[in-house]
Amino acid sequence: MPEKPVYILGISCYYHDSAVALIKDGEVIFAAQEERYTRKKHDEALPKEAIAQALKFANITVNDLSAIGFYEKPLLKFFDRILRTYFKVWPKGLISYHRAMQEWMMKKLWIPQNIQKELKYKGDIFYVTHHESHAASSYYVSGFEDATVVTVDGVGEWATTTIGYGKGTDVKITKEIHFPHSLGLLYSAITYYLGFKVNSAEYKVMGLAPYGEPKYMKEMHTLIDVKEDGSFALNMDYFTYEYGLRMTGRKIDELFKQPTRKGEGALTQFHKDVARSLQELTNEVMLKIVTHAQKLHPSRNLCLAGGVALNCVTNGKILKSGLFDQIFIQAAAGDAGGALGVALSIWHKQFKGARTKKMEHAFLGNEYSNEEIEAFLKSQNVPYEKLSDTELIERVAALLAGENAEPRTVAPSNGDTGSRVIGWFQGRMEFGPRSLGNRSIIADARNKENWQKVNLKIKFRESFRPFAPTVLEERVSDYFDLDRESPYMLIVADTLPAKREEIPAVTHVDGSARIQTIRRDQNPKYYDLLKAFEQRTGHVKEDGSHVAGCPVIINTSFNVRGEPIVESPKDALNCFLHTHMDYLVLGNFLLSKKSMGAQSETQQKQYLSKFELD
């Protein structure tokens with residue numbers, strides 16, 4: 001009789017971006033964030049909906065679980081850091097203290113009881129420290145036999161930055177920097193100073209930085225003292241997060257000689273220059289950290305994790321430095337990935353399991369069959385076309401290219417590219433903060449107008465925000481200064497100067513791009529779409545020679561500003577109806593705004609009445 005499979009459920013919650021990961025005999029079979037199901041951006045709650053989806057996917061019940069893991073040690077965090085910090089700064093922070101006590105006493109100290117109650121679970125619950133979970137989430141799915149491991153974020157129990165190594169089935173942390181000294185919290189504090197939301201909009205600061213110059217490096221080095229080995233200490237005179245409800249106070253306004261930007265206030269060149277200075281500082285500190293880490297634990301491979309590992313500009317600088325031959329950053333490098341890390345750590349350390357395989361893609365969520373999609377569309381009385389796989393690929397490639405379905409036989413003239421924007425909903429949902437080709441909005445990267453059209457009329461977001469390209473992996477070096485895969489949009493590299501005019505919609509103001517590469521074994525349908533687009537945009541010259549087409553399209557997350565990425569056909573249709581997208585693809589079904597426009601005004605209002613935005 002075969003042995004019973006070992007199922008381990010990892011949970012990350014009660015801070016931000018709660019998530020779940022399920023592994024079976026060491027293989028990652030499901031992972032998703034709670035926000036996708038609750039439609040609450042950065043949902044921090046116990047991920048009951050995501051857990052239910054994970055169990056449903058595996059066709060098991062909670063009684064089949066061998067263990068549950070939590071991504072940090074809450075008692076250590078509360079009694080050792082939270083209380084000690086408040087005692088240290090007392091009597092400051094009284095209001096913050098009361099809020100924190102309410103949060104901890106009502107919820108965070110009762111994690112095992114909450115898990116047992118909400119899930120009706122009676123088995124083992126294991127705890128792994130926050131940064132151990134981060135380290136495990138990257139190393140164990142890297143495919144490396146050995147690696148230097150670095151984790152950097154806001155804060156876990158005490159650690160904010162760690163250095164360690166991985167070898168075989170073991171990963172260990174050997175050096176730490178502790179709270180309140182945190183590169184992640186420094187980045188969040190400047191995010192707050194620039195008027196953006198903490199733990200949500202740090203990526204906006206990264207996107208804003210190329211519009212500025214690093215004019216405030218002196219001020220940045222006043223905020224943080226960085227040693228050559230990458231160790232650092234913050235000047236806490238400028239930060240209030242130890243005791244206050246805000247990240248910074250008046251003193252940082254005095255340092256920069258301008259007040260903290262409020263909400264949607266005007267963005268000036270000053271704000272752009274501060275953002276650029278922060279990015280330069282982040283690059284500097286991270287390069288020193290990984291250089292020292294390699295000296296402590298020599299390897300040609302580097303694994304990164306933690307929220308700061310989502311800074312793809314810095315990741316590109318580390319790659320460009322040549323310090324390492326290979327860099328691996330798991331798709332959900334932030335706190336959501338802690339759910340994956342704790343599950344993998346339990347598999348290897350508690351169950352002495354065999355080494356986990358490399359994570360080749362992040363399509364780990366749930367999916368909807370064509371039958372389910374069609375039933376939904378019929379229930380909404382929405383006009384659609386049902387197409388075969390081949391018909392769908394050719395039709396959408398033609399729409400992206402702004403042409404009919406016939407192959408091109410002449411070179412495109414100037415401006416002869418379409419501006420159609422398409423919602424693309426396929427297969428299993430991506431794990432992590434990026435849409436990678438299954439819950440995506442796609443458009444022609446050759447049309448510069450698409451940058452503003454998608455930003456302002458579809459995403460309803462700031463005009464300075466750049467878009468990422470998806471490119472066929474075998475042709476990435478034809479367009480970008482990159483010679484390897486980047487499947488999770490976590491590497492920024494320069495667009496080659498000769499190609500910048502060809503793909504202006506994905507080339508940032510500084511000539512860079514946040515790149516996603518794609519291979520067919522990672523996502524056959526999405527790959528085939530790009531391949532068809534490449535073929536359709538090629539042409540035959542008069543001498544009979546063939547000019548290769550464009551293998552690059554815009555890929556941005558399928559959502560509007562302030563909402564999570566869509567999870568279901570209902571979410572996708574909702575987003576489509578409330579924006580200026582031209583087409584929506586749900587599985588093998590094609591929906592057109594034009595065909596909907598042919599319906600009566602009453603019918604259109606009936607569609608929208610079913611999908612009122614929150």
Side-chain angles (χ1 to χ4, degrees), residues 35-36 39-41 200-201 203-204 207 264 368 373 376-377 380-385 395-396 399-400 402 417-426 429-430 433-445 447-470 505-506 526 529 553-587 589-614:
E35 67 167 19
R36 305 293 172 83
R39 311 309 300 157
K40 180 182 177 182
K41 189 80 168 175
S200 174
Y203 61 91
K204 294 184 183 181
E264 298 294 322
Y368 291 82
I373 293 170
F376 167 72
L377 293 175
Q380 305 305 310
N381 195 25
V382 177
Y384 62 86
E385 290 182 77
R395 186 78 167 276
V396 176
L399 292 171
L400 284 172
T417 56
S419 60
R420 298 180 179 111
V421 179
I422 301 170
W424 179 257
F425 182 102
Q426 300 289 338
M429 183 172 61
E430 300 92 334
R434 313 292 186 208
S435 287
L436 300 170
N438 278 359
R439 303 289 187 276
S440 294
I441 296 172
I442 56 177
D444 189 348
N447 189 331
K448 190 173 184 177
E449 293 179 1
N450 280 338
W451 183 352
Q452 294 297 354
K453 178 179 180 181
V454 178
N455 259 334
L456 301 179
K457 294 186 177 182
I458 295 170
K459 301 282 283 188
F460 305 124
R461 68 184 198 178
E462 299 89 348
S463 61
F464 66 82
R465 303 265 296 278
F467 288 113
T470 301
V506 293
Y526 192 48
L529 176 62
I553 63 172
I554 291 174
N555 175 17
T556 189
S557 57
F558 199 154
N559 66 323
V560 296
R561 181 183 181 189
E563 289 198 336
I565 295 169
V566 301
E567 182 273 326
S568 67
K570 179 180 178 181
D571 299 333
L573 183 60
N574 182 7
C575 187
F576 177 63
L577 291 172
H578 284 86
T579 66
H580 293 273
M581 264 184 276
D582 302 294
Y583 292 87
L584 171 62
V585 179
L586 295 171
F589 303 93
L590 178 65
L591 286 71
S592 165
K593 277 281 175 63
K594 188 174 182 180
S595 66
M596 287 184 172
Q599 306 295 309
S600 69
E601 186 175 336
T602 302
Q603 180 69 65
Q604 290 185 60
K605 288 180 178 178
Q606 287 175 353
Y607 294 152
L608 290 171
S609 69
K610 296 177 181 179
F611 298 101
E612 286 306 314
L613 291 172
D614 295 336

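Just so we're clear, the structure is a prediction, and the values are computed from it rather than from any experiment.
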For [X] and [Y], indicate whether the former's side chain and the latter's backbone hold a donor-acceptor pair under 3.5 Å.
X: R439; Y: G423; result: no
X: K41; Y: R561; result: no
X: E430; Y: L436; result: yes

With sequence neighbours left out, the residues meeting side-chain contact (heavy atoms from CB on, under 4.5 Å) with S568 are Y368, K570, D571

- Query: Of all residues at least two apart in sequence or in a different chain, which pass the side-chain contact (heavy atoms from CB on, under 4.5 Å) check with A468?
  - Reply: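 Partners of A468 under the side-chain contact (heavy atoms from CB on, under 4.5 Å) test: M489, R514.
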
Least distance between heavy atoms, [X] atom then [Y] atom:
X: N559; Y: P564; result: CB-O, 3.2 Å
X: V566; Y: C575; result: CG1-CB, 4.3 Å
X: R36; Y: P433; result: NH2-CA, 4.5 Å
X: F558; Y: M581; result: CE2-CE, 3.6 Å
X: L586; Y: A572; result: CD2-CB, 3.7 Å
X: N450; Y: D444; result: ND2-O, 2.9 Å

Atom pair [atom1] ([X]) and [atom2] ([Y]), whose distance is rounded to the nearest 0.5 Å:
X: I553; Y: W424; atom1: CD1; atom2: CH2; answer: 8.5 Å
X: L400; Y: N447; atom1: CG; atom2: CG; answer: 11.5 Å
X: D582; Y: S592; atom1: CG; atom2: OG; answer: 8.0 Å
X: I565; Y: T556; atom1: CD1; atom2: OG1; answer: 8.5 Å
X: R39; Y: E567; atom1: CZ; atom2: CD; answer: 7.5 Å

Angle between ring planes, Y384 versus F589, binned at 30° and 60°: parallel, tilted or perpendicular?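 It falls in the perpendicular class, over 60°.
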
* Please step through side chain to side chain contact (heavy atoms under 4.5 Å, CB included) for the pair H578 and V560, ending with a clear verdict. => CA-CA 9 Å; H578 284 86; V560 296; over 6 Å; no

Those residues at least two apart in sequence (or on a different chain) that pass ring pair (Phe, Tyr, Trp, His ring centres under 6.0 Å) with Y583 are none

Given V585, L529, V421, L399, the one that forms side-chain contact (heavy atoms from CB on, under 4.5 Å) with I442 =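 The residue from V585, L529, V421, L399 that satisfies side-chain contact (heavy atoms from CB on, under 4.5 Å) with I442 turns out to be L529.
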
Quiz item: Please walk me through it: do L573 and L591 pass side chain to side chain contact (heavy atoms under 4.5 Å, CB included)?
Solution: CA-CA 9 Å; L573 183 60; L591 286 71; 3.9 Å; yes

With a cut-off of 6.0 Å (strictly less than), are more than 12 heavy atoms of other residues, nucleotides or ligands near NZ of K448?
no

For S440, all residues meeting side chain to side chain donor-acceptor pair (under 3.5 Å), sequence neighbours excluded
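For S440, the residues satisfying side chain to side chain donor-acceptor pair (under 3.5 Å) (neighbours in sequence not counted) are N555.
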
